[in-house]
Amino acid sequence: MAAGMADAPAIRIDNLAKRYAPPKGAKGEAAEGKLALDGVSFDVPEGSIFGLLGPNGAGKSTLINILAGLVNKTSGSAEIWGFDIDQHRRNASRAIGIVPQEIVFDPFFTPYEVLENQSGFYGIPAKERRSEELLAAVRLADKRDAYARTLSGGMKRRLLVAKAMVHSPPILVLDEPTAGVDVELRRQLWELVTEMNREGVTVVLTTHYLEEAEELCDRIAIINHGKLIANKPTRDLVEMAREKIVAVTVAGGLASAPQHAAFSKVELTGERGVEVTYDKDTMNAGQVLAILQEQGLTVEDVTTREADLEDVFVQLTGAG
Ligand code: ADP
Ligand code: MG
């Protein structure tokens with residue numbers, strides 16, 4: 001499918017805001033309604049696996065639901081595949097397949113029927129439908145004629161992925177696809193997603209799991225309280241985690257936390273444990289240990305770890 005505008009990103013979000021209507025009779029601050037998105041702007045590059053990361057209540061589903069046409073934005077604009085969601089809603093919808101956070105199915109349809117109905121909804125002629133191919137792609141060929149209500153949670157999730165793809169959109173969006181999904185199913189889902197991405201589909205997924213985003217996504221945007229607080233290639237975001245942590249167990253006890261100007265943080269972890277955070281560009285673990293020993297501590301055990309995205313997130317949001 002050609003983009004509505006040459007060189008347009010797969011998705012463009014510009015100063016998007018959403019204030020939900022207040023509950024009836026709400027007083028005080030609540031009477032204004034919840035500001036779920038507060039002027040968010042970012043682009044999703046074509047061909048990427050883009051992670052929209054943020055804690056529960058950050059505004060991720062609100063943003064996805066605006067793209068899906070399920071929630072009306074308050075202000076700002078959004079383009080999908082070059083099509084403005086207000087001016088070209090039909091074309092915008094045709095360019096995107098969305099797997100919602102909540103699983104909803106009519107329990108009396110079979111997976112095959114679910115896909116056929118959805119194809120009908122998009123006016124896809126019988127000859128051009130991909131129901132069988134998609135069932136095979138999401139490993140549900142053997143469940144073709146089973147009632148949806150008999151499928152496991154993971155199977156339903158995979159069926160939703162197939163359903164989102166019946167009209168062959170160039171963009172696939174998954175809202176918290178692995179929340180409540182076990183490790184094995186999560187792995188299967190990621191294989192499916194990376195496979196589709198390899199075939200050219202731009203993928204957007206929301207998650208509150210940092211590790212997941214770090215492993216899968218080539219670019220990550222972070223939102224918190226409806227505001228965008230980061231938007232970088234995953235590599236750069238991880239690079240921001242310049243800090244390293246040395247955890248040591250000392251002989252005897254620790255009356256107080258050891259201090260040194262070169263340490264960026266020191267934390268006691270029990271009677272004999274201490275964790276020292278340092279900048280790996282300015283010193284190394286050996287130097288940290290030498291300083292501790294100079295201060296009269298006898299080090300018994302040592303482990304080190306790199307700061308991960310979790311630490312970066314804490315740094316960026318000022319939480320923790
Ligand atoms: P996330 O998907 O990141 O967990 P949501 O977009 O679901 O976040 O929610 C963002 C904020 O908007 C939350 O405070 C949530 O309670 C609120 N919210 C979500 N949907 C509605 C709604 N329909 N009416 C009022 N407030 C809502
Ligand atoms: Mg959500």
Side-chain angles (χ1 to χ4, degrees), residues 11-42 44 49-78 80 85 96-105 153-154 156-158 160-161 163-164 171-181 185-186 189-190 193 203-214 216-217 219-232 234 237 309-310 312-314 316-320:
I11 296 175
R12 171 173 286 155
I13 308 282
D14 189 17
N15 208 13
L16 201 60
K18 171 64 186 179
R19 188 181 288 280
Y20 285 105
K24 276 209 172 67
K27 292 199 174 64
E29 210 177 303
E32 289 177 13
K34 175 77 193 175
L35 186 61
L37 287 177
D38 188 4
V40 171
S41 304
F42 64 86
V44 175
I49 300 188
F50 189 96
L52 184 59
L53 192 68
N56 281 324
K60 304 181 296 296
S61 293
T62 299
L63 193 147
I64 302 304
N65 290 338
I66 290 171
L67 295 178
L70 299 171
V71 165
N72 289 321
K73 63 188 165 59
T74 303
S75 60
S77 64
I80 301 169
I85 59 167
I96 199 167
I98 296 184
V99 182
Q101 186 170 350
E102 307 300 332
I103 297 182
V104 270
F105 279 122
K156 285 179 183 158
R157 187 75 67 179
R158 295 200 314 262
L160 281 175
V161 174
K163 189 182 169 196
I171 306 168
L172 174 66
V173 176
L174 303 112
D175 192 4
E176 304 258 4
T178 55
V181 166
L185 285 171
R186 185 179 299 187
L189 211 51
W190 290 151
V193 164
V203 178
V204 177
L205 59 99
T206 77
T207 179
H208 55 264
Y209 298 114
L210 297 145
E211 274 174 38
E212 195 161 270
E214 186 172 356
L216 267 159
C217 303
R219 195 174 180 92
I220 295 175
I222 302 179
I223 58 171
N224 197 31
H225 298 302
K227 283 196 163 79
L228 189 80
I229 55 172
N231 172 20
K232 286 181 190 305
T234 305
L237 207 61
L309 267 183
E310 185 95 44
V312 176
F313 185 74
V314 169
L316 288 168
T317 56

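Each ligand, and each atom within it, is numbered from 1 in the order the structure gives. Scope of the values below: all heavy atoms of this structure, side chains included, with no hydrogens, waters or symmetry mates. We number each residue from 1, following the sequence as shown.
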Please state which protein non-hydrogen atom is closest to atom 7 (O) of ligand 1 and give its distance, to 0.1 Å? Ser61 CB, 3.7 Å

Tell me whether atom 10 (C) of ligand 1 lies less than 4.0 Å from at least one protein heavy-atom position. yes

For a distance under 2.8 Å, tell me if Thr206 has an N/O/S atom near the Mg ion (ligand 2). no

Is it the case that Arg186 places NZ or CZ above or below the six-membered ring of Tyr209, under 6.0 angstrom from the centre and within 45 degrees of the axis? yes

Between the side chain of Lys227 and the main-chain N/O of Ala58, is any donor-acceptor distance below 3.5 Å? no

Member of Val173, Leu205, Asn231, Ile220 meeting the side chain to side chain contact (heavy atoms under 4.5 Å, CB included) criterion with Phe50: Asn231

Of the protein's non-hydrogen atoms, which lies at the shortest distance from atom 14 (O) of ligand 1, and what is that distance? Lys34 CE, 3.1 Å

Return a yes/no value: protein heavy atom under 4.0 Å from atom 16 (O) of ligand 1? no

Name the closest protein heavy atom to atom 18 (N) of ligand 1, giving the residue it belongs to and the distance to 0.1 Å. Tyr20 CE1, 3.4 Å

Looking only at the side chains, is there a donor atom on one of Asn15 and Ser41 sitting less than 3.5 Å from an acceptor on the other? no

Please lay out, stage by stage, how Ile85 and Ile80 fare under the test side chain to side chain contact (heavy atoms under 4.5 Å, CB included). CA-CA 7 Å; Ile85 59 167; Ile80 301 169; 3.7 Å; yes

When rounded to the nearest 0.5 angstrom, what distance separates CG in Leu35 from CD in Glu29? 10.5 Å

Nearest 0.5 Å, what's the CD1-NZ distance between Ile223 and Lys60? 6.5 Å

At less than 2.8 Å, would any N/O/S atom of Gln101, backbone or side chain, sit next to the Mg ion (ligand 2)? yes

Atoms of ligand 1 close to Asn56 [distance to a heavy atom under 4.0 angstrom, numbered from 1]: 4 (O)

Would you check the N or O atoms of Ala36, main chain and side chain alike, for any that come under 3.5 Å of an N or O of ligand 1? no

Could an N or O of ligand 1 be found under 3.5 Å from any N or O of Gly57, whether backbone or side chain? yes

For atom 8 (O) of ligand 1, what is the nearest protein heavy atom, given as residue, atom name and distance? Gly59 N, 3.1 Å

Distance under 4.0 Å to a non-hydrogen atom of Ala58: what atoms of ligand 1 satisfy this? 1 (P), 3 (O), 8 (O)

Against heavy atoms of Pro55, which atoms of ligand 1 measure under 4.0 Å? 3 (O)

Glu212-Thr178 side chain donor-acceptor pair, cut-off 3.5 Å: yes

Tell me the protein heavy atom at minimum distance from atom 6 (O) of ligand 1, and give that distance in Å. Thr62 OG1, 2.5 Å

Lys73 NZ to Lys18 NZ distance, which is reported to the nearest 0.5 Å: 10.5 Å

Using a 4.0 Å heavy-atom threshold (strictly under), name the region of Lys60 that reaches ligand 1: side chain, backbone, both or neither. both

Are side-chain N/O atoms of Tyr20 and Thr62 paired as donor and acceptor at under 3.5 Å? yes

